[in-house]
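The block underneath contains the structure these notes are about, expressed in structure tokens.
Quick note on labels: first sequence line is chain A, next is B, and so on, each numbered from 1. Keep in mind it's a predicted model, so treat the numbers as computed, not measured. Computed from heavy atoms alone, side chains included, the values below leave out hydrogens, waters and symmetry copies.
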Amino acid sequence: MKFQSIRGVKDILPGEIEAVQRLELAARSVFESFGFSEIRIPIFEVTELFARGIGTTTDIVEKEMYTFEDRDGKKITLRPEGTAPVVRAYIEHQLNLKAPVAKLYYLGPMFRHERPQAGRFRQFYQIGVEAIGTDRPAMDVEVLAMLMTTLQQVGVTEVQLEINSLGDAACRPHYRKTLKAYFKTHLSQLCEDCRRRYEINPMRILDCKKEGCKTVTAKAPSSLDHLCGECLAHFQQVKDGLNQLKIPFIVNERLVRGLDYYMRTAFEVTTTKLGAQNAIAAGGRYDGLVEELGGPPTPGIGFAMGVERIATLMERFETPKPDLFFALLGEEAVRQMLPVIIRLRGEGVRIEMDYSGGGLKKQMGLADKLGARHTLIVGENELKSGKAILRDMRTKEQREMSLSDLSEPLLKIIRS
RNA sequence: GCGAGUGUAGCUCAAUGGUCAGAGCACUGGUCUGUGGCACCAGGGGCUGGGGGUUCAAUUCCCCUCACUCGCCCCA
């Protein structure tokens, strides 16, 4: 009986994980420079939170959630996204009272029961940001700047930022009605999926890639023509802000989002290098969500980055190599050197050694394979003479070092 | 949920309805007993994903199943 990981779930091994670590590090540092703080949210919540937050007719809620009953009979769901939990925490801890705008970021795994595919997993990682408490377009611009800066810092530059405005509670219903009226006259030309979308979420039809639907949507009324004055002004200010910061973007009026809570600004960062899963980050404004989840009427905006997708666009980074390898011959050498090894490791020096008890040749081979910069040789001869041998593995130069005073001189050499 | 493709050594891949399923890389050992990379030599390693069927005989042909990959849908 061989065990293997569950379908759609994978291990990220050394060699692969380094890019992820860099991305996380870069994101943290960028977000914190913008004044955002980490919030660590649970990976499961009551099912109702997601149903209300994301929307009961969305694909995520209808068929992708990992939902189960816990031992008390409570309905629990592994989080499929991070915004609803963050908003729940915002309300629960009354973060609205602690600062005018709650600026939060999170990172961790999300779970969706989808068919695995290139760039799509059932457990996947997101790094996300939420700014709750302001509807100023300046915040939209800041959030987008954070996202693009982070991508740039990890060297992911061949991407496209697409933005759109979905309207708000005042103008979206009108647009929806107009759109539905238009599609009603073209129903027969739409694909089966789109006829279903017509009932559930007609805006999604705009996003269909089928040729027949495309010809219909090409002449469909544009969302941008139906924005109310306030939404239009908001959108204009967001675009102005991006231009001012020289952040390139295109307006894609077909851009709609699959989650119900988005309104006004919606955006997506895409790449052509990942096959079918071309979105590496996406987000938008969700001005009605806090209220929907039981909090005071509060606007918010956020995004999530797909960690695996971005990581595959990054160059690969080597696993760190040892600074120093200890080639020790005999138990006595091990006994005497262990304190030095521990002390140097405490200083942050990466030290490896041999655990097989093999001869010097074998240990040198291991030092080479691990890519150690230096090797310190201590055997019977060295114990007798009181002098260890330090070998530079690149230049092959060797020098003697006093056994009685190793740590400081070694530190100096390694840090030089 | 639907469609297509692929499962052979740790990895990348060969092969044939018929003797014992091979190669490269990797690994282990030796040439070289306290000095790595190179070279040469040798060695270990496989229920050919699992189950069933056809056949004298299946890794090969057929069916089922599982897994992976890619696409649709949807999404990050």
Whole angstrom is fine here: how far is it from [atom1] in [X] over to [atom2] in [N]?
X: A:Ile377; N: B:rU35; atom1: CD1; atom2: P; value: 9 Å
X: A:Phe303; N: B:rA76; atom1: CZ; atom2: P; value: 13 Å
X: A:Lys63; N: B:rG1; atom1: NZ; atom2: C1'; value: 7 Å
X: A:Leu329; N: B:rU33; atom1: CG; atom2: C1'; value: 12 Å
X: A:Glu308; N: B:rU69; atom1: CD; atom2: P; value: 13 Å
X: A:Glu130; N: B:rA76; atom1: CD; atom2: P; value: 12 Å
X: A:Glu62; N: B:rC73; atom1: CD; atom2: P; value: 17 Å
X: A:Ile6; N: B:rC68; atom1: CD1; atom2: C1'; value: 16 Å

*Which residues satisfy the side-chain hydrogen bond (donor to acceptor under 3.5 Å, both in side chains) test with A:Ser416, sequence neighbours excluded?*
none

*Excluding sequence neighbours, so at least two apart, what forms side-chain hydrogen bond (donor to acceptor under 3.5 Å, both in side chains) with A:Arg112?*
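So A:Arg112 forms no side-chain hydrogen bond (donor to acceptor under 3.5 Å, both in side chains) with any residue.
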
Under 3.5 Å, sequence neighbours excluded: what are the donor-acceptor pairs made by side chains of residues 403-412 of chain A?
| from | atom 1 | to | atom 2 | distance (Å) |
| --- | --- | --- | --- | --- |
| A:Ser404 | OG | A:Ser402 | OG | 2.8 |
| A:Glu408 | OE2 | A:Arg343 | NH2 | 2.3 |

For [range], which residue pairs qualify under ring pair (Phe, Tyr, Trp, His ring centres under 6.0 Å), counting only residues two or more places apart or in two chains?
range: residues 116-144 of chain A; result: none
range: residues 29-58 of chain A; result: A:Phe31-A:Tyr105
range: residues 265-290 of chain A; result: A:Tyr261-A:Tyr286

*Looking at CD1 of A:Ile247 and CG of A:Leu161, how far apart are the two atoms once the value is rounded to the nearest 0.5 Å?*
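Output value for this atom pair is 7.5 Å.
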
Determine the interatomic distance between [atom1] on [N] and the same-named atom on [M]; round to the nearest Å.
N: B:rG17; M: B:rA76; atom1: C1'; answer: 49 Å
N: B:rA4; M: B:rA57; atom1: P; answer: 32 Å
N: B:rA26; M: B:rG7; atom1: P; answer: 25 Å
N: B:rC72; M: B:rU19; atom1: P; answer: 45 Å
N: B:rC27; M: B:rG45; atom1: C1'; answer: 9 Å
N: B:rA23; M: B:rG51; atom1: C1'; answer: 31 Å
N: B:rG29; M: B:rG44; atom1: P; answer: 15 Å
N: B:rU31; M: B:rG37; atom1: P; answer: 14 Å

*Using Watson-Crick and G-U wobble pairs with both distances under 3.5 Å, what is the 5'-to-3' dot-bracket string of RNA chain B, with [ ] for crossing pairs and | for pairs outside the strand?*
(((((((..((((....[...)))).(((((.......))))).....(((((..]....))))))))))))....

Whether [Y] and [X] form a salt bridge (side-chain N of Lys/Arg under 4.0 Å from carboxylate O of Asp/Glu) is what I want to check.
X: A:Lys10; Y: A:Glu308; result: no
X: A:Arg373; Y: A:Asp392; result: yes
X: A:Glu162; Y: A:Arg254; result: no

*Residue whose closest nucleotide on RNA chain B lies nearer the 5' end, A:Gly359 versus A:Glu81*: A:Gly359

*Would A:Arg22 count as a cation-pi partner of A:Phe317, with NZ or CZ less than 6.0 Å from the six-membered ring centre and within 45° of the ring normal?*
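That pair qualifies as a cation-pi contact.
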
*asked:* Quick check with a 6.0 Å cut-off and a 45 degree axis cone: is A:Lys180 positioned over the face of A:Tyr198's six-membered ring?
replied: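 Positive - A:Lys180 is close enough to the ring of A:Tyr198 and near enough to its axis.
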
*Within the side chain of A:Asp368, is there an N or O that forms a donor-acceptor pair under 3.5 Å with the backbone of A:Met364?*
no

Can you give me the N/O atom pairs linking the protein to nucleotides 36-42 of chain B at distances under 3.5 Å, or say none if there are none?
| from | atom 1 | to | atom 2 | distance (Å) |
| --- | --- | --- | --- | --- |
| B:rG36 | OP1 | A:Lys361 | NZ | 3.3 |
| B:rG36 | O2' | A:Asp368 | OD2 | 3.2 |
| B:rG36 | N7 | A:Arg391 | NH2 | 2.8 |
| B:rG36 | O6 | A:Arg391 | NE | 3.3 |
| B:rG36 | O6 | A:Arg391 | NH2 | 2.8 |
| B:rG36 | O6 | A:Met393 | O | 3.3 |
| B:rG36 | N1 | A:Met393 | O | 2.4 |
| B:rG36 | N2 | A:Asp368 | OD1 | 3.0 |
| B:rG36 | N2 | A:Met393 | O | 3.2 |
| B:rG36 | N3 | A:Asp368 | OD1 | 3.3 |
| B:rG37 | O4' | A:Asp368 | OD2 | 3.1 |
| B:rG37 | O6 | A:Lys396 | NZ | 3.1 |

Looking at every strand, decide which applies to [X] at a 4.0 Å heavy-atom threshold: base, sugar-phosphate, or nothing.
X: A:Glu64; answer: sugar-phosphate
X: A:Ile310; answer: nothing
X: A:Gly8; answer: sugar-phosphate

Which side-chain N or O atoms in residues 375-382 of chain A pair as donor and acceptor under 3.5 Å with protein atoms at least two apart or in another chain?
| from | atom 1 | to | atom 2 | distance (Å) |
| --- | --- | --- | --- | --- |
| A:Glu382 | OE1 | A:Gly379 | N | 2.7 |

*If you take all heavy atoms of A:Ala220 and A:Leu206, which pair is closest and at what distance?*
CB-CD2, 4.1 Å

*Contact residues, residues 108-124 of chain A to RNA chain B [heavy atom, < 4.0 Å]*: A:Arg112, A:Glu114, A:Arg115, A:Gln117, A:Ala118, A:Gly119, A:Arg120, A:Phe121, A:Phe124

*So does A:Gln363 reach the base of B:rG34 with its side chain, donor to acceptor, closer than 3.5 Å?*
no

Polar pairs (N or O, both sides) under 3.5 Å between protein and nucleotides 49-51 of chain B?
none

Using a 3.5 Å cut-off and no angle test, enumerate the donor-acceptor pairs between side-chain atoms of residues 322-332 of chain A and protein atoms at least two apart in sequence or in another chain.
| from | atom 1 | to | atom 2 | distance (Å) |
| --- | --- | --- | --- | --- |
| A:Asp323 | OD2 | A:Arg350 | N | 2.7 |
| A:Glu332 | OE1 | A:Arg335 | NE | 3.3 |
| A:Glu332 | OE2 | A:Arg335 | NH2 | 3.3 |
| A:Glu332 | OE2 | A:Gln336 | NE2 | 2.7 |

_Closest to the A:Gln277 side chain, choosing from B:rA76, B:rC73, B:rG34_ = B:rC73

